[in-house]
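These notes concern the structure reproduced below.
Numbers for residues simply follow the sequence, beginning at 1.
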Amino acid sequence: MTTTSEEVRASPRRPLSRRSRARMNADPVTILSFFLVILFVMPARYVVGPLGGAGSPASMVAVLLLVWYLLSTLSPRWTPIRDRQPVRAVIVFFCLTVLASYVAGMTRPVSSDELNAADLGLVLVAGWAGIALVTADGVSTMDRLETLRQRIVLGATFPAIVAMFQFFTGMELTQYLALPGLQENGSSVLFEREGFFRPAGTATHPIELGVVLAAVLPLALHGAIYCRVPQQRRWRWVSVALIGSVLPMSVSRSAILGLFVAMVVLLPTWRPEWRLRAVLIFGFASIIMRLLIPGLIGTVMNLISVIGSDENSTTRTGDYDAVVQAVSQRPLFGQGFATYLPRVYRVIDNQYLMSALETGLVGLVGLLVFLASGWLLARGARRVATDEETRHLAQCFAASMAVAVFGFGTFDAFSFPMITNLMFLILGCCGALWRLQTQVSRVTAEPVI
């Protein structure tokens, strides 16, 4: 997980030597690629029984990433802590807010279910920290970051394919993808809305799938736009088309509005001809969707037009009074992370409200710092980048974080493993991009003697 002086001085896209590639056969990007396979291919609802939600294979691999990271810091040769990295401070602060809420929660009477949930919540947070830290400090070059971006997109394409199959057939394919010995933690029945199946792919819920795809779409667009290999360009646009077409199939307002947020972030930075092509492609794709799947586009647009007046919206806003009352009783540190159990209290479809309940106002600040730091690091990397491709990549990562900022207000995201693990991974990518670009900026600014 080290960053050598040779790699720092090198051009951000300069190919590594054969000896360097040999040393990197088991580098962090390779390990993170294995994690992505577990995260996207294995259905998230299958877990190790006694561990519940914290026992998903992806969460367990994430915890091992943290162990690997911490052990590597014990050796001066292998330590990844060599340069400035704001993500470390962000993760430490976030973890401290969760620990503070855990301690505060143990000062009140808690049921055995709440205690178990709080303990398992710490396991989840440890895994999230491991993902972000390994990515932020372990990605050694821009080439490796580009490889990781490609694999994120490739991984997200798999649940999109599964979701498309579910949408058209109504069959739950994911029951055949679980490892033997795992137990189902959630329903395997497909949701329906307005006569359409609502696929979840390998995620736990259609909303989660929709927000995941909306967050990954900017990264897929970057790979397709800047593909240098003609033979690969077609397949990269196929990934973009798959991800983009499955978004409305989730029949989720969060997915469509997340797509809108991503485009609002990206379009102002594109060339005029790119913006024109995007508008034309979007219009053409909408017509094709209307012809192939009659009623789908109208259903999705109707869901957006009735926001604030439909039963779903009024139910969510009805939570505000209960949340304010609960937060006022424990305003600073909340009642304990992961202890606000829906089966005991009520369902809160808003991660900001859920964080205020469980971790208090301090924990809410920790959540906001986590989300804002990814945006700020990506934008900071864009400012110091000298080539157009890297500037566009930084803007795409910023767009992914913007989708999370919006999406976390539409459902309790920390209860869903795929979107949470993905966003901590993207935070790490933003940190790695910022570090690599500031290294190059410092090297080029050094006077030649």
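- Looking only at atom types and distance, the side chain of Ser33 has no donor-acceptor partner in the side chain of Thr30 under 3.5 Å away.
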| field | Stepwise salt bridge (charged side-chain N to carboxylate O under 4.0 Å, His left out) test for Arg149 and Glu146 | value | CA-CA 5 Å; Arg149 184 209 59 78; Glu146 169 61 16; 2.8 Å; yes
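- Taking the six-membered ring where tryptophan is involved, the planes of Phe191 and His205 are tilted, since the angle between them lies from 30° to 60°.
- The minimum heavy-atom distance between Ala214 and Ala255, with the atom names listed, is CB-O, 4.0 Å.
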| query | Do Phe158 and Phe40 pass the ring-ring contact (aromatic ring centres under 6.0 Å, His included) test, and can you show the C-alpha distance, the side-chain angles, and the key distance before you say yes or no? | reply | CA-CA 7 Å; Phe158 182 81; Phe40 286 121; 9.2 Å; no
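- Between Phe94 and Phe370, the ring-plane angle classifies as tilted under the 30° and 60° cut-offs.
- In this structure, a donor-acceptor pair under 3.5 Å is present between the side chains of Tyr102 and Asp119.
- One distance of note links SG of Cys429 with CG of Leu393; it measures 8.5 Å at 0.5 Å rounding.
- Shown here is Gln325, whose CD atom has no more than 12 heavy atoms of other residues, nucleotides or ligands within 6.0 Å.
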| Can you check side-chain contact (heavy atoms from CB on, under 4.5 Å) on Leu217 and Leu259, steps first, answer last? | CA-CA 8 Å; Leu217 183 60; Leu259 172 62; 3.3 Å; yes
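- The aromatic rings of Phe414 and Phe408 lie perpendicular to each other, with more than 60° between the two planes, well past the 30° mark.
- Side-chain polar atoms of Arg383 and Gln437 form no donor-acceptor pair below 3.5 angstrom.
- Nearest heavy-atom pair across Ala215 and Val403 is N-CG1, 3.9 Å.
- Applying the salt bridge (charged side-chain N to carboxylate O under 4.0 Å, His left out) test to Arg88 and every residue at least two apart in sequence or in another chain returns Asp137.
- Of all the heavy atoms in Val240 and Ala224, the pair that sits closest is CG2-CB, 4.0 Å.
- Ring planes of Trp128 and Phe337: perpendicular class, angle over 60° (limits at 30 and 60°).
- For the 3.5 Å distance criterion, the side chains of Arg45 and Thr204 fail to qualify, holding no donor opposite an acceptor.
- Applying the salt bridge (charged side-chain N to carboxylate O under 4.0 Å, His left out) criterion to Arg330, with sequence neighbours excluded, gives no partner residue.
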